[in-house]
Amino acid sequence: MPSSIEHSSIKHSSIKHSSIKHSPMKLNPINERRLDAFLSNKRSLYSCVVFLLLFFLSLFAEFIANDNPLVVRYQKQWYFPVIITYPETAFGGDFKTEADYKDPYVNELITQDGWMLWPPIPYSYNTHIADLQSPAPSPPSQRNWLGTDDQARDVLARSIYGFRVSILFSLALTLASSVIGIAVGAIQGYYGGKVDLLGQRFLEIWSGLPVLYLLIILSSLVKPTIWWLLGIMLLFSWTHLVDLVRAEFLKGRNLEYVRAARAMGVSNPVIMYRHILPNAMVASLTFLPFLLTGAITTLTSLDFLGFGLPSDAASLGELVAQGKANIQAPWLGITAFVVLSLMLSLLVFIGEGVRDALDPRLVK
């Protein structure tokens, strides 16, 4: 028979284990205070909500602006042209090429024994509108809410797709450059000595290069694609976080718990990843929204100069260039200005909120 003390301790431990097992997951006190600080900043909170909503809608741009119908009901069968490509023969046509749903002949074939559901904007970013009421660029109308550009393409559709391209491209560039920059800064700061000395001399030379001119030269040597452009910009964008992470690792490698871990035989990669990197990430996260805005600005500049994305891609920089070339069509420049200023302003406000939430002087 166990004693009453043993029985009480066993019962207490089981109750404690049960309470831990069934208790909801909570943030630690520091992260909870940081989250509360961000939520209390109304400007940053509203900017984050608006940006996430716009970005979420842009991810489904094909369902908002497309020159193919969302759903086709023909001869008691369902078709989804926005997702799947169908030949003209599927609707009783003569050719096996992709069906042109705005062709009067194909439209009549479908409507005789079915119907079509079109998206709110019946144009894609590269749709050339042939039946404009005025020469391109045409002003805003009921058909084209923000008008058309000088190539008879819907400006609103290009703005939606261009917004998505800019955000996704900049996110990929920011994440890739952050991984490289944090890794290089961590190696320099942790090992120090000749590694740090040689690394700093290389960074001084590399950072002193005229980045925009080099991007223009490299982009003009090959046919621009989105992946090639991403690789070229990555060559020069990874240096932004190196100095910040290096400073954190130079400070963290001499802390007592790091020395204790090294004395216990813990490997250097484990010490860097588990004990020093979390402190460096707090400072690095505050710069990510600003790196994102810088990537968007650089991409827009290259597109404006004609050295960015392919000419048939949805590009906000190309819309800015059209606004400059067509002063008689003010809706082009105004649309590009509003979209870019809204996007960058939201990201800057979010960055300010993240910076204040992670600032130990403001969050206690």
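Scope of the values below: all heavy atoms of this structure, side chains included, with no hydrogens, waters or symmetry mates. It should be emphasised that the depicted structure is a prediction, and the values quoted were computed from it without experimental measurement.
- Proximity of L214 to F236: side-chain heavy atoms (C-beta onward) are separated by under 4.5 Å at one or more points.
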| Yes or no on side chain to side chain donor-acceptor pair (under 3.5 Å) for Q322 and D150, after CA distance, side-chain angles and deciding distance? | CA-CA 7 Å; Q322 288 207 26; D150 56 7; 3.2 Å; yes
| task | Kindly indicate, with the supporting measurements, whether the criterion side chain to side chain contact (heavy atoms under 4.5 Å, CB included) is fulfilled by V270 and Y273. | result | CA-CA 5 Å; V270 173; Y273 177 77; over 6 Å; no
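- Enclosure of atom CZ in R274 is not indicated, since only 12 or fewer non-hydrogen atoms of other residues, nucleotides or ligands lie within 6.0 angstrom.
- Pairing each heavy atom of Y190 with each of R253, the nearest pair is O-NH1, 3.2 Å.
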Pairs of donor and acceptor atoms involving the side chains of residues 68-77, under 3.5 Å and at least two apart or interchain, shall be tabulated with distances.
from: R73; atom 1: NH1; to: K76; atom 2: O; distance (Å): 3.2
from: Y74; atom 1: OH; to: F91; atom 2: O; distance (Å): 3.2
from: Q77; atom 1: OE1; to: Y79; atom 2: OH; distance (Å): 3.0

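- In this structure, OG1 on T300 lies 6.0 Å from CG on L316, to the nearest 0.5 angstrom.
- Counting heavy-atom neighbours within 6.0 Å of F202 CZ, excluding the residue itself, gives a total above 12.
- Residues V258 and I276 are in side-chain contact: their nearest non-hydrogen atoms beyond the backbone lie under 4.5 Å apart.
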| said: Could you walk me through whether E88 and V106 satisfy the side chain to side chain contact (heavy atoms under 4.5 Å, CB included) test, starting with their C-alpha distance in whole Å, then the side-chain angles of each, then the deciding distance to 0.1 Å, before giving a yes or no? | reply: CA-CA 7 Å; E88 185 179 308; V106 177; 3.9 Å; yes
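- No donor-acceptor pair closer than 3.5 Å links the side chain of R153 to the backbone N or O of N126.
- Looking at every heavy atom in both residues, S237 comes nearest to L173 through OG-CD1, 3.4 Å.
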| request: Check step by step if salt bridge (charged side-chain N to carboxylate O under 4.0 Å, His left out) holds for E62 and R164. | output: CA-CA 11 Å; E62 286 80 7; R164 182 177 68 177; 2.8 Å; yes
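- The shortest heavy-atom contact between V155 and D149 is CG2-N, 3.7 Å.
- When atom types are taken as modelled, the side chain of S138 and the backbone of S134 share no donor-acceptor pair closer than 3.5 angstrom.
- For the atom pair I271 CD1 and M264 CE, the distance stands at 10.0 Å (nearest 0.5 Å).
- Atom-to-atom distance recorded for E352:CD and T286:OG1 is 12.0 Å, nearest 0.5 angstrom.
- The shortest side-chain heavy-atom distance between S301 and F307 does not fall under the 4.5 Å cut-off.
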| Step by step, would you call T174 with L288 a side chain to side chain contact (heavy atoms under 4.5 Å, CB included)? | CA-CA 7 Å; T174 301; L288 292 185; 4.1 Å; yes
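- Checking side-chain atoms of S345 against main-chain N and O of L342 turns up no donor-acceptor pair under 3.5 Å.
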Contacts under 3.5 angstrom, residues 44-53 side chains, donor-acceptor by atom type, not counting sequence neighbours:
from: S44; atom 1: OG; to: N41; atom 2: ND2; distance (Å): 3.3
from: S44; atom 1: OG; to: F349; atom 2: O; distance (Å): 2.8
from: S44; atom 1: OG; to: G353; atom 2: N; distance (Å): 3.2
from: S47; atom 1: OG; to: R43; atom 2: O; distance (Å): 2.7

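- In F95, the CZ atom is not crowded: 12 or fewer heavy atoms of neighbouring residues, nucleotides or ligands sit closer than 6.0 Å.
- Within a 6.0 Å radius of CD in Q328, other residues, nucleotides and ligands contribute more than 12 heavy atoms.
- When side chains are defined from C-beta on, I121 counts as touching I160, because their heavy atoms get closer than 4.5 Å.
- Contact annotation: the side chain of Y161 approaches that of S124 to within less than 4.5 Å [non-hydrogen atoms, C-beta and beyond].
- N107 contributes no side-chain N or O that, together with a main-chain N or O of D103, makes up a donor-acceptor pair within less than 3.5 Å.
- Side chain of H128 to main chain of Q151: a donor-acceptor pair is present (N/O by atom type, distance under 3.5 Å, no hydrogens or angles).
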| request: Would you check, one step at a time, whether the test side chain to side chain contact (heavy atoms under 4.5 Å, CB included) holds for M272 with F249? | output: CA-CA 8 Å; M272 295 168 63; F249 270 77; 3.9 Å; yes
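- Without hydrogens or angle criteria, Y86 side chain to E98 main chain gives no donor-acceptor distance under 3.5 Å.
- Residues H240 and F290 form no side-chain contact, since every pair of their non-hydrogen atoms from C-beta on lies 4.5 Å or further apart.
- Residue E108 places its CD atom among 12 or fewer non-hydrogen atoms of other residues, nucleotides or ligands, all under 6.0 Å distant.
- The backbone N or O of T148 lies less than 3.5 Å from no partner atom in the side chain of N144, so there is not a single donor-acceptor pair.
- Side-chain atoms of S58 do not come within 3.5 Å of backbone N or O of A61 as any donor-acceptor pair.
- Between R246 and D196 there is a salt bridge, since at least one side-chain N of the basic residue sits less than 4.0 Å from a carboxylate O of the acidic one.
- In this view, Y213 satisfies the ring-ring contact (aromatic ring centres under 6.0 Å, His included) rule with no residue, not counting sequence neighbours.
- Using a 4.5 Å heavy-atom cutoff, the side chains of Q188 and L203 are in contact.
- Counting only distance, with no hydrogens or angles, the side chain of T335 and the backbone of L332 share no donor-acceptor pair below 3.5 Å.
- Residues L347 and P289 share a closest heavy-atom pair of O-CB, 3.8 Å.
- When atom types are taken as modelled, the side chain of S170 and the backbone of I167 share no donor-acceptor pair closer than 3.5 angstrom.
- Within the 4.5 Å cutoff, the side chain of P140 has no heavy atoms near those of the W145 side chain.
- Relative orientation of the W115 and W78 rings is perpendicular, given thresholds of 30° and 60° on the angle between their planes.
- Between R143 and D131 there is a salt bridge, since a side-chain N of the basic residue sits under 4.0 Å from a carboxylate O of the acidic one.
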